[in-house]
A.B. asks: 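First the structure, then my questions, so here it is.
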There are 2 protein chains.
Amino acid sequence: MPQPLSSRDKILDVAEALFARRGYTGVGLRELADATGLGKSSLFHHFRGKAELYCVVVARALERIEAGVAPVFESDAPPGERLERLVGALVDQLAEQPTTARLLLRALFEEEEFAADPPAEAARAEAIVASLVTRMQALLHEGVEAGVFRRASSAHTAQTLIGATVYHFASAEVGEGILGKPLFSAEAVAERKAELIALLRHGLAAPASPSPQHRGDPPWRS
Amino acid sequence: MPQPLSSRDKILDVAEALFARRGYTGVGLRELADATGLGKSSLFHHFRGKAELYCVVVARALERIEAGVAPVFESDAPPGERLERLVGALVDQLAEQPTTARLLLRALFEEEEFAADPPAEAARAEAIVASLVTRMQALLHEGVEAGVFRRASSAHTAQTLIGATVYHFASAEVGEGILGKPLFSAEAVAERKAELIALLRHGLAAPASPSPQHRGDPPWRS
DNA sequence: GTCTATAGTGAGATAGAC
DNA sequence: GTCTATCTCACTATAGAC
């Protein structure tokens, strides 16, 4: 069952680590070939070229995320609970492989490089992102309509959620300096989950007294 | 007074735009030279090499941020108000030049490329980041001690703040697709500021009844 | 499916004239 | 301070033997 990795899968695994660390242009096929133990030319038998290889790597990472969070969206739990489980699943997925967050954050920048000659896999990646974002916004909207979330912009809240999760696990030395511990230690991951959920519970909950005219935010206590 | 730009400043301006769009390895000196109207070799008279040029560009962007937010830290307003002004100043700085957020987010990744031969300017950049983070955490800690913020981790809150601002303005097509409007339009920038401040007011405020044993978070309303 | 060999291009950097 | 010319090296990709 733990079948030895095919050459293709091995290439993808090694390439994911390298692309996450140095980015698309920063990784050479020579380096990738050496790291896999293959010759440089063998890579072209598995992939049409560097661009396609890169897009397959990114799409594969997005599919892992998608698979991890899909059960949350299919759940029929109330919106508040679903939102918390979404954050938990997102954090779990990003924490499972330390390369994922960096790879995806970099991909956000480098995707425009392929505007000229977009490999077919680039469309798959974009579709997954669009689908995830749409469902996240729908969940937020549903919570507002149900009266359990305050009337925050679902677009901006989605952006904040992405930034707070993806950026955090991509922040490397800067983030570790702030936390004072390894980003991917079990302790730091659990903390991240708890802190984000607490921020959302306090920050997104509908006010206790739903006075219709109460549009302003509460002032600070002191 | 609007003295014509020196060659050095012109190079830095053009380089900042290019590095923000395509990253360190993605920009060639030939391209940069053509864009400035200079010959390739002339660049080496102003900078020791590509690495130094890049680090000067990043440090300059960080100094703009620093200058924009410094007044906030020097203020003696109460912590809640200072935090809001910090978010406002950060958003203003990142919104002023659309290249800044992308440049800095990319720099977070590429800084480890210079681990072997670190140009002197790299240390300046790191020092500014460290100083900003330290003061941000101190402000959060002060608010907690004063009883105006709930006991959230200042480290994780700082990470969230950075991600929610820097990532947002770096998110390019993805972010614009979510917002449904240009990221840097006056409307979108004002929205971002208001949404972040609202999230912090609700999400960070100390609970109304400070019962000492109340460590758990409130459940959702429904 | 993997290899060697190589084509063809462009990179960063240097030398030295003006 | 800017230029032309050139060095050296690495890159993506291809051709073709095994």
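In what follows, chains are A, B, ... by sequence order, proteins preceding strands, each numbered from 1. Values in this document were obtained by computation on a predicted structure and should not be read as measured data.
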A.B. asks: Keeping B:Glu110 on the side-chain end and B:Tyr24 on the backbone end, is there a donor-acceptor pair under 3.5 Å?
C.D. replies: yes

A.B. asks: To the nearest Å, give me how far apart CG (A:Leu32) and C1' (D:dA13) are.
C.D. replies: 14 Å

A.B. asks: Could you check how far CG of A:Leu18 sits from P of D:dC11, rounded to whole Å?
C.D. replies: 12 Å

A.B. asks: Given A:Leu90 and A:Leu161, is the side chain to side chain contact (heavy atoms under 4.5 Å, CB included) satisfied, shown in steps?
C.D. replies: CA-CA 10 Å; A:Leu90 211 49; A:Leu161 234 54; 5.7 Å; no

A.B. asks: It should be established whether A:Ser42 places a side-chain nitrogen or oxygen under 4.0 Å from OP1 or OP2 of nucleotide C:dC3.
C.D. replies: yes

A.B. asks: Any non-hydrogen side-chain atom of B:Thr160 less than 4.5 Å from a side-chain atom of A:Arg192?
C.D. replies: yes

A.B. asks: Taking CD from A:Glu52 and C1' from D:dA13, how many angstroms apart are they, rounded to a whole number?
C.D. replies: 14 Å

A.B. asks: Mind checking side-chain contact (heavy atoms from CB on, under 4.5 Å) for B:Ala155 and listing every partner two or more places apart, or none if nothing turns up?
C.D. replies: A:Ile178, A:Leu179, B:Gln137, B:Ser153

A.B. asks: Between A:Lys50 (side chain) and A:Gly28 (backbone), is there a donor-acceptor pair under 3.5 Å?
C.D. replies: no

A.B. asks: Is there a donor-acceptor contact under 3.5 Å from the side chain of B:Glu176 to the main chain of B:Leu183?
C.D. replies: yes

A.B. asks: C:dT4 P sits how many Å from A:Leu38 CG, rounded?
C.D. replies: 11 Å

A.B. asks: Could you state the CG-P distance from B:Asp34 to D:dC3, rounded to the nearest angstrom?
C.D. replies: 11 Å

A.B. asks: Tell me, for nucleotides 5-18 of chain C in 5' to 3' order, what letter each nucleotide earns: B for a base near a protein heavy atom under 4.0 Å, S for only sugar-phosphate near one, - for neither?
C.D. replies: B-----SBBBB---

